[in-house]
Amino acid sequence: MGKNPDQTGLMEGLDPTLPAPAVDDSVREAEERKWTPAKIGLWVAISLLGAVAWFMLALVRGETVNAIWFVFAAVCTYLIGYRFYSKVIERYLLKPNDRRATPAEYKADGKDYVRTDRNVLFGHHFAAIAGAGPLVGPVIAAQMGYLPGTIWIIIGVVLAGAVQDYLVMFFSMRRGGRSLGQMAREELGVIGGTAALIATLLIMIIIVAILALVVVNALGESPWGVFSVGMTIPIALFMGVYLRYLRPGKVMEVSIIGFVLLMAAIIGGGAVAGTEWGAAFFHLDKVTIAWGIIIYGFIAAILPVWLLLAPRDYLSTFMKIGVIVMLAVAIIVVRPEITVPAFSEFASRENGPVFSGALFPFLFVTIACGALSGFHALISSGTTPKLIEKERQTRFIGYGGMLMESFVAIMALVAAISIDRGIYFAMNAPVALTGGTVETAAQWVNSLGLANVNITPDVLAQTAKDVGEESIISRSGGAPTLAVGLAHIMQQFIGGPGMMAFWYHFAIMFEALFILTAVDAGTRVARFMLQDSIGNFVPKFKEASWRPGAWLCTAIMVAAWGAVLLMGVTDPLGGINTLFPLFGIANQLLAAIALAVCMAIAAKRGVFRYLWIVAVPLAFAAVVTITASFHKIFSPVPAVGYFANNAAFSKALADGKTEFGTAKTVAAMEAVVRNTMIQGVLSVIFVTLSIIVILTAVIATVKAIRAGGGQDHEDPAIPSKVFAPAGLIPTPAEKALLAEWNALPAEKRTHKAGHH
């Protein structure tokens, strides 16, 4: 591995009175190459366990499959991908250099650019990227059977999702933390760059609206859920004030207090919902909850970060990683048997009750975030690159953070397929199909002709009673299904059937916390993007601290996603069932845009031999999403095509019908006509913009290959005066260097590694 071209200049610029800012390349490489018998044995064991797990999932076709194999297949594949594949990317494609200062060091301002300990930053980044996608997509995709989703979530993340997050973060960090849209403008010129900017803004609106819609569906008509989730806001505000004024820096202390208050909110929610006034006061319909979230989104996005967003991040990171690890342990202990087939009856059809469309391409866009997510490219080029201490940490935070999210998706899938299939379909199909009562839902599920499925109204009523809800029929959006699955597994692990209601509401609150973090973080990122875009014409808007600009841009973005949210909530076809494919397609198109920009940058850096690392996931994402978009735009099947659906309902209205298909009133029919037209037009805009970006990126790449490289838009290299380890656990050489830094006299300690 040759020395980086900027190494020589950086070596001369180093401060001779300080220890080295990086472990010497030769020492590091010698450490990496050292294979002891124990190390070889460990990797052989991991590989064998992974191989056995995949064999059990993919090839052994018994009546049932044990859930434990999902956990082993995922963890072993992630470990191998992280240790070997991400190392190839680091060594040959990116070539990080810890002698270079990162923007957090040379632009430090105490506000946006702050050197942050890698473990804290890992948590913050994970909290920001892990929205509703990994919880919802896999649950909805379970209608196809367990195998297609499992393969895409695990293999897709190693080769596509984590690669995208890592590359975008690294390239943005080298450019002073610039946003994806600004990078596209520099690398792809005016046409490609403008298309990318418009596409990212529009896609962001859809993404935030769907995240909010999932929360609405989970909390609709659930007094317990509304009370518990509502309480998280004052808890987060209290934590923010506590950390800022009462006990600055006591993160662990405030997290414990926050966790205790959260538990109290869940247990209290059950008690309040059990009273007459509580049941009446907190029993809200979906439209009311939607308005509440819109108002919340506006306020949360304009409050200072330390007051609501940061403490909520702490809370939700502990909760997110804690709950997922707890669920994984419970699965290993309880070992639930999965009766869902590897490929279900709907895998070969277009007319599934939970979502319409064939396995290819719709499975991939439905799962979205757990395997490959464009939303992450906005976070990886928004907040995180401004906080990284050392260049080598991007692998741990970017690639590693995405593997953690994929694990969340696998756990969600296992929870969803561990419940009875009859209950699964009764919960996830729209009211128009289930009829909304236990009797009609049971009758409808049994009419599907699924193997070994025979559900009774009593079972559906009892399940609702077990989890402390009035009804579980048509609670679409994935969150309630995941909560039932989690409660089903956890009560066998801790507490027994009597704890089902507690675990269910614990899961609902966990998911709402998960998703609301993404709603306010997403609104904030969207506001910055709009400010940047308007700032190209009215420079005053680029000042993040200018209040009128910030408030105006927040209001515009909240109004935009709020309108889409209300459209989804009032959609007779079941908003999530029609909007989720649009969300998935938009999200994956954004990933294709991000990968296209990364490919152009990599080509300009002259690393042609390894361009396939970016080109392969880009080609796959482009084919899947463009195919899915064409299905949604041109399919003559009303269940799949937006315009076909629009035409069918328009004709019914013209013929003077008062009800049609799933719409039981004229107003509902008019709503379908309006919504399908908006969704169809958005699909056309998204796919057109994305094709423009991908084509301009391919042209830029070909030009760079012919010219042997291209113009470099990186910030100039500045010598670093700090040191910090690269991964979770410091290597022996890093420990030795840390000791040198720690031995410095106090007045020189301002540069000490990890100092904030």
Quick one: list whatever passes side chain to side chain donor-acceptor pair (under 3.5 Å) with [X], sequence neighbours left out.
X	result
Thr150	none
Thr456	none
Thr434	Ser474
Trp54	Thr77

Handout entry: Residue pair His505, Glu469: steps toward the side-chain hydrogen bond (donor to acceptor under 3.5 Å, both in side chains) verdict
Key = CA-CA 9 Å; His505 288 93; Glu469 288 290 308; 2.7 Å; yes
Listed by chain and number, what are the ring pair (Phe, Tyr, Trp, His ring centres under 6.0 Å) partners of [X], not counting sequence neighbours?
X	result
Tyr78	none
Phe660	Phe649
His488	none
Tyr146	Phe70

Problem - Student check: side-chain heavy atoms of Glu405 and Cys369 closer than 4.5 Å - result: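 The answer is yes, as the side chains (C-beta and beyond) meet within the 4.5 Å cut-off.
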Practice task
Evaluate the side-chain proximity of Ile203 to Asn587: yes if any heavy-atom separation is below 4.5 Å, no if none is.
Solution key: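 The answer is no; the side chains never approach within 4.5 Å.
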Mark yes or no for whether [X], through its side chain, and [Y], through its backbone, hold a donor-acceptor pair below 3.5 Å.
X	Y	value
Asn446	Ala442	yes
Thr440	Thr437	yes
Ser635	Lys632	no
Ser380	His376	yes
Lys286	Asn217	no
Asn646	Tyr642	no
Tyr424	Ser418	no

Fill in the blank from the handout: The salt bridge (Lys or Arg N to Asp or Glu O under 4.0 Å) partners of Asp655 (sequence neighbours excluded) come to Lys651
Quick check: closest heavy atoms across [X] and [Y], and the distance to 0.1 Å?
X	Y	value
Asn351	Arg349	OD1-NE, 3.2 Å
Met557	Ala526	CE-CB, 3.6 Å
Pro457	Val438	O-CB, 3.8 Å
Glu511	Ala483	OE1-CB, 3.9 Å
Phe362	Ala628	CZ-O, 3.9 Å
Ala621	Ala592	CB-CB, 4.3 Å

For residues 336-346, please give each side-chain donor-acceptor pair under 3.5 Å, one per line with the distance, not counting sequence neighbours.
{"from": "Glu337", "atom 1": "OE1", "to": "Thr64", "atom 2": "OG1", "distance (Å)": "2.7"}
{"from": "Glu337", "atom 1": "OE2", "to": "Asn66", "atom 2": "ND2", "distance (Å)": "3.2"}
{"from": "Ser344", "atom 1": "OG", "to": "Gln143", "atom 2": "O", "distance (Å)": "2.4"}
{"from": "Ser344", "atom 1": "OG", "to": "Phe346", "atom 2": "N", "distance (Å)": "3.1"}
{"from": "Glu345", "atom 1": "OE1", "to": "Arg421", "atom 2": "NH2", "distance (Å)": "3.1"}
{"from": "Glu345", "atom 1": "OE2", "to": "Ala451", "atom 2": "N", "distance (Å)": "3.3"}

Exercise for the section: Give a yes or no on whether Trp444 atom CH2 has more than 12 heavy-atom contacts from other residues, nucleotides or ligands under 6.0 Å away. Expected result: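 More than 12 heavy atoms, drawn from other residues, nucleotides or ligands, come within 6.0 Å of this atom.
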Exercise for the section: Please name all residues satisfying side-chain contact (heavy atoms from CB on, under 4.5 Å) with Ala330, sequence neighbours left out, ordered by chain then number. Expected result: Ile489, Met490, Phe493
Problem - Listed partners of Asp420 passing side-chain contact (heavy atoms from CB on, under 4.5 Å), at least two apart - result: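 For Asp420, the residues satisfying side-chain contact (heavy atoms from CB on, under 4.5 Å) (neighbours in sequence not counted) are Ile423, Ile455.
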Problem - Between Gln462 and Asp466: side-chain donor-acceptor atoms closer than 3.5 Å - result: yes
Handout entry: Check: Phe620 ring centroid to Phe364 ring centroid under 6.0 Å
Key = yes
